[in-house]
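Taking it in order: structure first as structure tokens, then the write-up.
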Amino acid sequence: CKDATDEENLLFCDNCDRGYHSYCVGIKEIPEGRWVCERCGLCVSCLTKTTGGKWCDEFTRPRDKAAADPPKFLQRHCDSCSKQFNKGNFCPVCLKVYDMAEIESSLLFCSECERNIHCYCDPKQEPDKSAVARTRTRANPYKCVLCRGEVEERMDSFHVRNKHDK
């Protein structure tokens, strides 16, 4: 809008330092953490720089609906990847969306949290990660880096323990 007033609602892009009103870019409240404008946008999952429509910004979701913590900016997706992200089709370690073809070849299913993790997101996995993904069974369960407590959870609304809240 090119209006410099209403400073308390201004967001500044972390890449180009341009200022935008939160309501002009469709954000209801100023998020904590990094934020990038549409000009600097890049889908973190498929790496496209342009979209057919608008960028979709992903934010943390409060675990407790009564929590007063503001949402934190996580990343930006194109429309297609955002739809997959909101269905829960993303690796909870790197937060990148996966397609269904990856499930058989490069994802590990955690038997504890019931989510798929990219093989390369777990440093303790063997070099032939696709073979590891295929050998995990109920008799040979896998526990991911999040459930082992080695990596901090950034987006757990899709965690099995939170599914009953939906």
Which heavy atom in [X] sits nearest to a heavy atom in [Y], and how many Å separate them?
| X | Y | value |
| --- | --- | --- |
| Pro92 | Asn116 | CD-O, 3.3 Å |
| Cys121 | Pro123 | O-CD, 3.6 Å |
| Tyr20 | Cys37 | CE1-CB, 3.4 Å |
| Cys119 | Leu107 | SG-N, 4.0 Å |

Test side chain to side chain contact (heavy atoms under 4.5 Å, CB included) applied to Cys94 and His118, step by step
CA-CA 8 Å; Cys94 67; His118 288 119; 3.3 Å; yes
Any donor-acceptor pair under 3.5 Å linking the side chain of [X] with the backbone of [Y]?
| X | Y | value |
| --- | --- | --- |
| Arg115 | Gly88 | no |
| His21 | Thr5 | yes |
| Ser111 | Tyr142 | yes |

What is the distance from atom CD of Gln75 to atom CZ of Phe90, rounded to the nearest 0.5 Å?
8.5 Å
Going by heavy atoms in the side chains, are [X] and [Y] under 4.5 Å from each other?
| X | Y | value |
| --- | --- | --- |
| Val44 | Leu95 | no |
| Cys46 | Cys78 | yes |
| Glu112 | Cys144 | no |

Audit row: Glu58, Asn86, side chain to side chain contact (heavy atoms under 4.5 Å, CB included) steps and yes/no
CA-CA 9 Å; Glu58 309 297 350; Asn86 286 302; 3.8 Å; yes
May I ask you to decide if the ring planes of His77 and Phe85 are parallel, tilted or perpendicular, using 30° and 60° as cut-offs?
tilted
Leu108 reachable from Val145 in the ILVMFWY side-chain graph, under 4.5 Å edges:
yes
Contact list for residues 8-17, test side chain to side chain donor-acceptor pair (under 3.5 Å), sequence neighbours left out:
Asp6-Asn9, Asn15-Arg34
Does the pair Phe109 and Glu114 meet the rule for a side chain to side chain contact (heavy atoms under 4.5 Å, CB included), with working shown?
CA-CA 6 Å; Phe109 180 75; Glu114 299 180 5; 3.8 Å; yes
Only one of Cys91, Ser82, Ser80, Cys81 clears side-chain contact (heavy atoms from CB on, under 4.5 Å) with Val97; which?
Cys81
Could you list the residues that satisfy salt bridge (Lys or Arg N to Asp or Glu O under 4.0 Å) with Arg148, not counting sequence neighbours?
Asp122, Glu150
